[in-house]
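Chain letters run A, B, ... following the sequence lines, proteins first, then strands; residues in each count from 1.
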Amino acid sequence: MAFYGFFIGLRLPESIVRGMRGEKRLARNGDMLVIMQSKKVLGIEGTAWSLSAAIVGHDRVYAEAGHPYVPETGGIHPMAAAQHHASHIAPIIRQVLDSGVGFDGVAFSRGPGLGPCLRTVATAARALALAYDVPLIGVNHCVAHIEVGRWQTGCHDPVVLYVSGANSQVIAFRRGRYRVFGETLDIGIGNALDKFGRHLGLQHPGGPKIEALAREGKSYIKMPYVVKGMDLSFSGMMSAAKEAAATHSKEDVCFSLQENAFAMLVEVTERALAHTGKDEVLIGGGVGANGRLQAMLDAMCKDRGAKFYAPPRKFFGDNGSMIAYTGLIQLEHGMTLDIADSAVLPNYRTDDVVIPWL
Amino acid sequence: MEKRGAEAVVELFPDRVIKTRVPKSYRIPELDERLRSERTRAEAKIISEARRAGIPTPIVYDVRQYALVMEFVDGRPMKEVITPELSRAVGVLVGRLHKAGLIHGDLTTSNMILRGDVIYMIDFGLSFWDGTLEARGVDVHVYYQTLISSHEDHEALMDAFAEGYRAAFPEAADDVLRRVKEIEYRGRYKTETP
Ligand SMILES: Nc1ncnc2c1ncn2[C@@H]1O[C@H](COP(=O)(O)OP(=O)(O)O)[C@@H](O)[C@H]1O
Ligand SMILES: [Mg+2]
């Protein structure tokens with residue numbers, strides 16, 4: 001900390017710095033902080049299919065390595081995923097350490113997620129923190145999706161549409177925490193798409209293939225559209241899509257499924273904007289990479305006079321950088337863990353985390 | 001004066017309001033027109049049905065394809081004024097509504113207006129007829145979620161609501177409130193397994 005004090009007040013007129021997205025530009029007043037805070041954190045993500053580690057500072061991602069678990073058949077098998085993580089975590093960490101970049105803390109995805117996967121990652125993180133004698137930081141996976149999005153896009157206080165495998169949530173900050181305003185009452189949109197992909201005989205993950213097929217679709221097949229307040233239900237729509245697949249072209253069914261499901265998601269996002277009075281929307285989570293969903297959110301925001309933000313593509317799926325970055329801001333706010341109190345939290349809720357930085 | 005809700009533009013006049021469901025450019029026109037006209041019709045029908053069941057709602061003067069003309073309820077949104085006492089009164093209204101076989105579908109504190117000491121329910125576009133435990137449970141869950149996400153002291157507000165709901169609908173209230181807990185539990189213990 002004394003180290004920071006030395007630089008405070010030092011002006012860097014006209015110097016060239018790197019912005020949030022790595023572009024070069026002239027330094028502004030606010031850049032002082034970015035330049036001063038040279039701390040970095042090593043973060044490990046491993047809540048489900050993704051196993052990824054990264055070293056991140058305020059200015060950029062310094063190193064990243066990953067090895068995703070791809071299920072041989074069907075969906076994710078928790079024990080198989082944990083075994084995958086256990087056998088690949090050492091080489092991945094070795095890779096980021098080999099970058100030679102130092103770090104001031106070790107962060108890990110503490111939950112929510114699959115217990116066996118979380119425990120594997122936590123064990124590695126504890127060992128690293130002890131070996132390097134740096135603080136251990138437990139990160140909420142959902143909060144990390146939000147924070148990496150805020151970091152990468154520069155938005156401030158958005159309504160967040162978080163769309164991953166199991167989750168579809170509308171989240172916004174209010175009084176010290178990120179609150180869930182609405183969510184799916186049954187399946188998450190990512191799992192719904194992947195399941196439907198398997199039904200069509202597409203390779204896992206189905207989402208991107210469905211997106212490609214949908215681009216060729218032309219006629220809309222009517223499907224159940226179920227919005228309840230800011231909550232959603234996808235199960236009726238999924239049954240209808242499977243039925244429709246027996247008699248219609250793949251392209252038309254994928255088109256209809258996307259139009260229907262995404263309109264529901266955008267509608268609840270708009271409801272949250274109206275209810276909270278905010279004027280920014282941020283998208284995150286694996287399904288967020290879908291171009292059609294992004295275009296729809298952007299159109300909704302334009303109609304309402306709100307602004308839409310999407311991070312670069314590589315930050316949508318679960319990744320080590322989002323854990324490292326969130327770990328970094330937690331470290332700066334003293335939100336670290338004693339090893340003895342660092343048990344994983346498979347049902348860690350977004351609104352369990354107190355957010356002091358917003 | 002004009003108000004913008006989640007899906008409608010509401011023009012306010014001293015003697016009436018015109019609520020128009022405006023086109024959404026993010027939806028394909030087919031889906032967009034279907035939703036706007038279906039919801040306008042549902043709202044017109046159920047708003048009057050609810051009043052017959054003893055829930056204060058604005059009187060509907062005219063129904064158009066995508067618009068309703070109705071009574072102006074000059075009051076304050078529940079969002080700004082809610083207290084445990086008012087939340088108890090909301091519980092009574094929702095109990096009556098459910099007892100009549102109706103589901104509101106969008107029970108947020110933005111969709112209730114306090115005029116004098118009378119609570120009016122508005123925004124029946126997502127309403128439907130359903131007497132099942134699940135539908136009633138989800139309806140109450142939506143209300144609870146707004147309390148949790150948007151209001152301090154939500155536990156007192158939820159308890160007060162339950163009290164009012166029990167008083168108005170004693171024969172089903174306990175089952176519905178148990179179902180609400182189940183629905184919350186389902187959401188909380190979702191993991192990444194498909
Ligand atoms: N009958 C009414 N009297 C007074 N204000 C109304 C009336 N109907 C709607 N409003 C106002 O307009 C807002 C939006 O109307 P609402 O019916 O909730 O539409 P939306 O579906 O867009 O949320 C309400 O929150 C309320 O402030
Ligand atoms: Mg409304």
Side-chain angles (χ1 to χ4, degrees), chain A residues 47-49 74-78 112-115 117 164-167 172 174-175 179-188 190-191 194-195 220 222 225 227-231 233 259-260 262-263 266-268 270-276 295-300 302-304 346-347 349 351, chain B residues 3-9 22-32 34-35 38-39 77 79 103-111 123 125-128 130 134-135 137-152 154 183-194:
Chain A
T47 51
W49 61 272
I76 298 174
H77 311 291
L114 303 171
C117 295
S164 68
N167 279 303
R174 191 186 63 85
R175 291 192 50 141
R179 321 265 172 178
V180 176
F181 284 79
E183 63 189 316
T184 177
L185 294 165
D186 39 52
I187 40 176
N191 286 345
D194 288 345
K195 252 189 200 169
Y220 172 75
K222 192 176 162 182
Y225 183 103
V227 167
K228 296 173 190 290
M230 287 175 248
D231 286 340
S233 158
E259 288 304 319
N260 210 75
F262 294 170
V266 177
E267 175 168 357
V268 295
E270 182 167 21
R271 283 173 179 273
L273 276 177
H275 186 75
T276 60
M296 287 166 80
L297 282 167
D298 192 41
M300 182 273 283
K302 284 214 172 78
D303 286 355
R304 270 200 99 78
N347 302 309
R349 289 162 59 91
D351 59 10
Chain B
K3 281 206 174 171
R4 181 135 204 201
E7 51 170 345
V9 171
V22 291
K24 299 289 177 187
S25 67
Y26 66 83
R27 292 194 286 235
I28 50 172
E30 229 179 310
L31 178 59
D32 187 56
R34 172 186 129 208
L35 291 174
E38 273 179 14
R39 288 174 179 181
K79 193 161 72 169
I103 299 295
H104 184 279
D106 192 9
L107 282 175
T108 69
T109 46
S110 298
N111 288 334
D123 205 357
L126 298 180
S127 305
F128 53 98
D130 196 326
E134 179 70 13
V138 170
D139 218 20
V140 175
H141 168 76
V142 167
Y143 178 68
Y144 279 6
Q145 197 159 35
T146 328
L147 296 182
I148 293 169
S149 63
S150 316
H151 298 280
E152 301 320 308
H154 54 260
I183 292 164
E184 197 217 335
Y185 186 89
R186 272 185 237 155
R188 191 188 271 234
Y189 293 99
K190 241 174 338 223
T191 64
E192 293 285 334
T193 21

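Put simply, of A:Ala172, A:Ser233, A:Ala263, the one with the most heavy-atom pairs under 4.5 Å next to chain B is A:Ala263. Interface remark: of the candidates A:Arg174, A:Glu270, A:Arg179, A:Met296, A:Arg174 forms the most heavy-atom pairs closer than 4.5 Å to chain B. For the options B:Gly5, B:Ser150, B:Ser110, heavy-atom pairs under 4.5 Å to chain A are most numerous at B:Ser150.
With rounding to the nearest 0.5 angstrom, the CG atom of B:Asp106 is 10.0 Å from the CG atom of A:Asp231. To the nearest 0.5 angstrom, B:Ser149 atom OG is 5.5 Å from A:His275 atom NE2. To the nearest 0.5 angstrom, A:Thr184 atom OG1 is 11.0 Å from B:Arg186 atom CZ. Here A:Arg271 contributes atom CZ and B:Leu126 contributes atom CG; the two are 4.5 Å apart, rounded to the nearest 0.5 Å.
With contacts defined as side-chain heavy-atom distances shorter than 4.5 Å, the pair B:His141/A:Lys228 does not qualify.
Of the atoms belonging to A:Val268, not a single heavy atom falls under 4.5 Å from chain B. Contacts of B:Leu35 with chain A are made by side-chain atoms alone, with heavy-atom separations under 4.5 Å and no backbone atom involved. Proximity to chain B (any heavy atom under 4.5 Å) is restricted, for A:Arg175, to the side chain, taken from C-beta onward.
Taking every heavy atom of both residues into account, A:Asn260 and B:Leu31 meet most closely at OD1-CD1, 4.1 Å. Residues A:Tyr225 and B:Arg27 come closest through the heavy atom pair OH-NH1, 3.5 Å. Minimum interatomic distance between B:Gln145 and A:Gly182 (heavy atoms only, all atoms of both residues): OE1-CA, 4.1 Å. Pairing each heavy atom of A:Ala299 with each of B:Ser25, the nearest pair is CB-OG, 3.8 Å.
No side-chain donor-acceptor contact under 3.5 Å links B:Lys24 to the backbone of A:Asp303.
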**Request:** Could you go through the salt bridge (Lys or Arg N to Asp or Glu O under 4.0 Å) check for B:Arg39 and A:Glu267 one step at a time?
**Result:** CA-CA 14 Å; B:Arg39 288 174 179 181; A:Glu267 175 168 357; 2.8 Å; yes

